[in-house]
Amino acid sequence: MLTAVVTRGAQIEVSFVTAEEGEGEHSIDCEFPVKDEQGHETGVCDTGPSPIAPEMKEVAWGAGAFIVMALLMRFFLYPRLKKGMDARYALIRGGHEQADAARASARAEVAEYESALATVKAEANDRVEAARQILEAERTARLTDVNADIAAKRDAANAEAAAAREAVRSDIAAAVVDVTSRTIELSIGRVPDASPIRSAVDEAMSAGVAQ
Amino acid sequence: MLALEFPPINEILRWKDLFPTFNKVALIGVAAALIAIVIFLLASNQDGLKAPKGVRNLAETIVEFIEEQIIMPTMGRQGLGWTPFLLSLFVFIYLCNVPGIIPIIYMPATARIAIPLVLSLLVWVVFIGVGFKHQGISYIKNSLFPPGVPGPLYILVAPIEFISTFLVRPFSLTVRLFANMLAGHILLVTFALLTEELVQGDSWILKPVGVLPFFMLMFITGFEVLVGFLQAYIFTILASVYIGGAAHPEH
Amino acid sequence: MEAFAILAQTGLTGDEAKAAAAAGSAGFAYGLAAIGPGIGIGYLVGKSVEAMARQPEAAGMVRTTMFLGIAFTEALALIGFVVFILIGL
């Protein structure tokens, strides 16, 4: 049952050849010669069991090796290895936690410093504000003083002006009375009574001012 | 005349017994267990408080891979107690796969059905045991009669669930690992044989062509590195899914 | 098919004809078993890549589920491969 491609010249022929017809190198020495009862080789090769039939010795050795290994792994090797790994991980985790704690404390210090800075700044601001308020108050006080001064001066000037106007007015009235009485004297030939003329002139002037 | 003769499959899989009852596959299995034990012994002897390096780094990387990539997505935190079992499963399968591409050895121990069969039967026993431990006798009821199915359909659903949970699971676990590694092994043998026959054949024209299967051999060797890891990962994560599903119904 | 015709002409007898038929049908068995899982895995991985591209933060979960799905789908092809070994070699 050997397949072979046999080429002769340019033609390719496919045919079945047995091992003896071919080169036959595989059938010269058997790895598994069949022996007879006396232990002599019979020249026939043992082709062995089917390739998918398990051989008992392989099953036994394989199972033995694996079970010994699995038990060792379960009760001896793996726990030791795992213990070392866990210890190292714990160490690393501890280091991490330490670093975290250090970072947190550093952060707290920074926060503290910042809060101190903030209070100092607030104090400075307060002082500046107070000084500004004092200045402001002083300025408004000065301003009111000056304003009062100006108002007093303006009142005095106003009073003076009113007095001058009154004086001018009485002068004008006296002159008008004089002119009127002189006119009447010229027209009627005698000196008229002064008081009615004065009251009439006053009346006319005040009426003129009122108009 | 050029004859390419593929050896019978048992010739590429069997090896003379070193001594009665101990052959190459058994040797690789025992060596895998020993190598894993030595690696983890050396690793656990190093000081755990220092930064891990060398063997310890390797061992811790594997442990973390199992915990983060296999247990956490499938079982969650409460599954971390299964780490040693899944860790041994992963390491053992990987170390059994890897000899398939190591020169001189060139035989993945998992390309014979014995070791995958043993491991998947072990996983089968473990997940059924976990189911009975966590849910008592109602584990049978929970796994055969999933809630949310209309009553009469249970006649259909229960046998399907029984077959898929208790028969197909160990079978597919075994066959997946075994057939993947066997297929990789046969591919390697095929291209190695092709290279040899072409380069050492009589035809002068065909000798340079032998480079092509050689490159393919290199490529498949690289691919087998990936497959060896991936199959160990898939076997372990499926074991994890089965155990997690048995411990907590309705996921 | 041509190969079968050539084989038929060579006039094999008994066991040889049986071996020839077994070799041929083994190839067919594996080839047919590979079609479905091939399509399935392609579809599965394509959809997973789409999901990972859409939500990169869920990539880890999607990848785990993808490997599980591949494992289940691939099992069919591997059963075909075992059948190939059983009947062909």
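Each chain gets a letter, A, B and so on, in the order the sequences are listed, and its residues count up from 1.
With 3.5 Å as the limit, one finds a donor-acceptor pair spanning the side chains of N23(B) and E58(A).
Interface with chain B: from residues 95-110 of chain A, no residue qualifies, criterion being any non-hydrogen pair under 4.5 Å.
Between E60(B) and K53(B), none of the side-chain N atoms (NZ, or NE/NH1/NH2) sits under 4.0 Å from a carboxylate O, so this pair counts as no salt bridge. Salt-bridge formation is not detected for the pair E136(A)/R132(A): no Lys NZ or Arg NE/NH1/NH2 atom is positioned less than 4.0 Å from an Asp or Glu carboxylate oxygen.
In this structure a side-chain-to-backbone donor-acceptor pair under 3.5 Å is missing from D178(A) to A174(A).
Heavy-atom distances place both the backbone and the side chain of I37(B) under 4.5 Å from chain A. For chain A, no part of Q46(B) is nearby; none of its heavy atoms comes within less than 4.5 Å. Interface remark: D47(B) contributes no atoms to any contact with chain A (heavy atom separation under 4.5 Å). Only the side chain of L72(A) comes within less than 4.5 Å of a heavy atom of chain B; its backbone N, CA, C and O stay farther away. For L121(B), no part sits under 4.5 Å from any heavy atom of chain A, backbone or side chain.
When all heavy atoms are compared, the tightest approach of N97(B) to Q231(B) is ND2-CB, 4.1 Å.
Judged by a 6.0 Å distance limit and a 45° cone about the ring axis, R56(B) is not positioned over the six-membered ring of F40(B).
Interface summary for chain A: among N45(B), L27(B), T174(B), the most heavy-atom pairs under 4.5 angstrom belong to N45(B). Note: L119(B) leads L13(B), L119(B), V175(B) in heavy-atom pairs under 4.5 Å with chain A. Contact count against chain A (heavy-atom pairs under 4.5 Å) is highest for P52(B) among A32(B), A43(B), P52(B).
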Checklist entry - Can you check side chain to side chain contact (heavy atoms under 4.5 Å, CB included) on W82(B) and L87(B), steps first, answer last? => result CA-CA 8 Å; W82(B) 285 101; L87(B) 178 69; over 6 Å; no
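By the 6.0 Å contact criterion, CZ on F166(B) is enclosed, its count of non-hydrogen atoms from other residues, nucleotides or ligands being greater than 12. By the 6.0 Å contact criterion, CZ on R80(A) is enclosed, its count of non-hydrogen atoms from other residues, nucleotides or ligands being greater than 12.
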